**Student:** 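Just passing along the structure, written as structure tokens.
Nothing here was measured: the structure is a model prediction, and the numbers come from that model. Whatever order the structure lists them in is the order used to number ligands and atoms, beginning at 1.
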Amino acid sequence: MKVLVYSTKSFEIPYLKAANDGKHNLTLIEEPLTSETAMKAIGFRAVSLFTSDNASNIVIEKLKDFGVKYITLRSVGHDNVNLFSAKKNNIQVAHVPSYSPHAVAEHAATILLALNRKLILANHRVKTFNFDLNHLIGTDLNDKTCGIIGTGKIGSVMTKIMHGFGCKLLAYDTQPNKRLSVQYNMTYVPLETLCKSADIISIHVPLNTETHHLIDKNVLALMKPNCLLVNTARGAVINTKDVIEALTKKQISGLAMDVYEFERDIFFKDCSKAIPDDDLLLKLNAMPNVLITGHQAFLTEEALNEIAKATIDNLDNWEKGKKPKNELIFKLPEVHKA
Ligand code: NAI
């Protein structure tokens, strides 16, 4: 099958080539999918997208006119694809349902530890042979209360990790997982209770109509002043303006984020020569109690292998006229079901 791979990063090319093993005719381009670049897909039956690509209704209509039949996502999250439009335009969509929940949960734990123990500042000091310890005080995680928002595949691994640190565990999820409650002595509570009680909060819900700005000023106001908030899910689960205000007013103690609400045109590229015109990001980057990584939680060898294998598997199935097991079906959100 002829496939146009948008937003190709050089680090993923060896994995994609190895998984493909010459089966499909892959054209790898660095440009993201946008309304303007959609026409590059003329003559391709499939396109492969990453989280920064924009498959909105208008873009999908263009892809359909250009003859595209399939979209295979190299990600778990699919909030950047209008599934309703894809269905309407007869374009089948598949994603990578799970590549390595460990990669993402371990990164969440990593940025939490780095934020708590001020590792970035500490390392900067040591690089200049400054071994002063002032302003490097953290807290023990042992015995602290950790709230996990979203206990699916990634949230489950995070639960296990935080249990390992000796944390008391609270969770919020629309579909509680009994096994986790029993195995890790975790209690499912309403979001408000979790926010009022937790010293650490880690977010692992997908971005959808219900989770958009789930963490806003009202919810942030409930959090404890010592609370460390970690977001490796999607930026827009947090209202960025509100969290900046909460940090400024010291309503929470710190934020570790791998995802950013307005990351689309900024992340995944070197912007050091032309600093983004984005006041919110500039404010966050200037705060000593905010640690940002650029959507790299998935970036392990194991995860890249799995992403490439699942992407090629989706294409193999479509070529054979079969439905891939990872196909995404449009469902009306609960609130819109009459
Ligand atoms: P999952 O589908 O296994 O788990 C999501 C959990 O969230 C489920 O238990 C579900 O019941 C719960 N949930 C959904 N809507 C909810 C709501 N409105 N309120 C409360 N709970 C709700 O997904 P998985 O694999 O754990 O991934 C979670 C998210 O992590 C992905 O959707 C993606 O956005 C993000 N992600 C980020 C990566 C990164 O590199 N930073 C990499 C991979 C995923």
**Student:** I want to check a possible cation-pi pair here: Lys9 against Phe268, using under 6.0 Å from ring centre and within 45° of the ring axis as the test.
**Tutor:** yes
**Student:** Can you give me a line-by-line list of nitrogen or oxygen pairs between ligand 1 and the protein shorter than 3.5 Å?
**Tutor:**
| residue | atom | partner | partner atom | Å |
| --- | --- | --- | --- | --- |
| ligand 1 | 3 (O) | Lys153 | N | 2.9 |
| ligand 1 | 3 (O) | Lys153 | NZ | 2.9 |
| ligand 1 | 9 (O) | Gly152 | N | 3.3 |
| ligand 1 | 9 (O) | Asp173 | OD1 | 3.4 |
| ligand 1 | 9 (O) | Asp173 | OD2 | 2.6 |
| ligand 1 | 11 (O) | Asp173 | OD1 | 2.6 |
| ligand 1 | 21 (N) | Thr174 | N | 3.4 |
| ligand 1 | 26 (O) | Lys153 | N | 3.3 |
| ligand 1 | 26 (O) | Ile154 | N | 2.8 |
| ligand 1 | 34 (O) | Arg234 | NH1 | 3.4 |
| ligand 1 | 40 (O) | Phe298 | N | 3.3 |
| ligand 1 | 41 (N) | Thr232 | O | 2.9 |
| ligand 1 | 41 (N) | Asp258 | OD2 | 3.0 |

**Student:** Please round to the nearest 0.5 Å and tell me the distance separating atom CG of Asp216 and atom CD1 of Ile238.
**Tutor:** 11.0 Å
**Student:** Does the Asn239 side chain pair with the main chain of His213, one donor and one acceptor, at a distance under 3.5 Å?
**Tutor:** no
**Student:** Name all residues meeting the salt bridge (Lys or Arg N to Asp or Glu O under 4.0 Å) criterion together with Lys325; count only those two or more places apart in sequence or in a different chain, and write none if there are none.
**Tutor:** Asp313
**Student:** Would you call Val243 and Leu220 a side-chain contact if the rule is heavy atoms closer than 4.5 Å?
**Tutor:** yes
**Student:** Among Phe298, Phe50, Tyr6, Tyr15, find the residue that satisfies the side-chain contact (heavy atoms from CB on, under 4.5 Å) test when tested with Arg74.
**Tutor:** Phe50
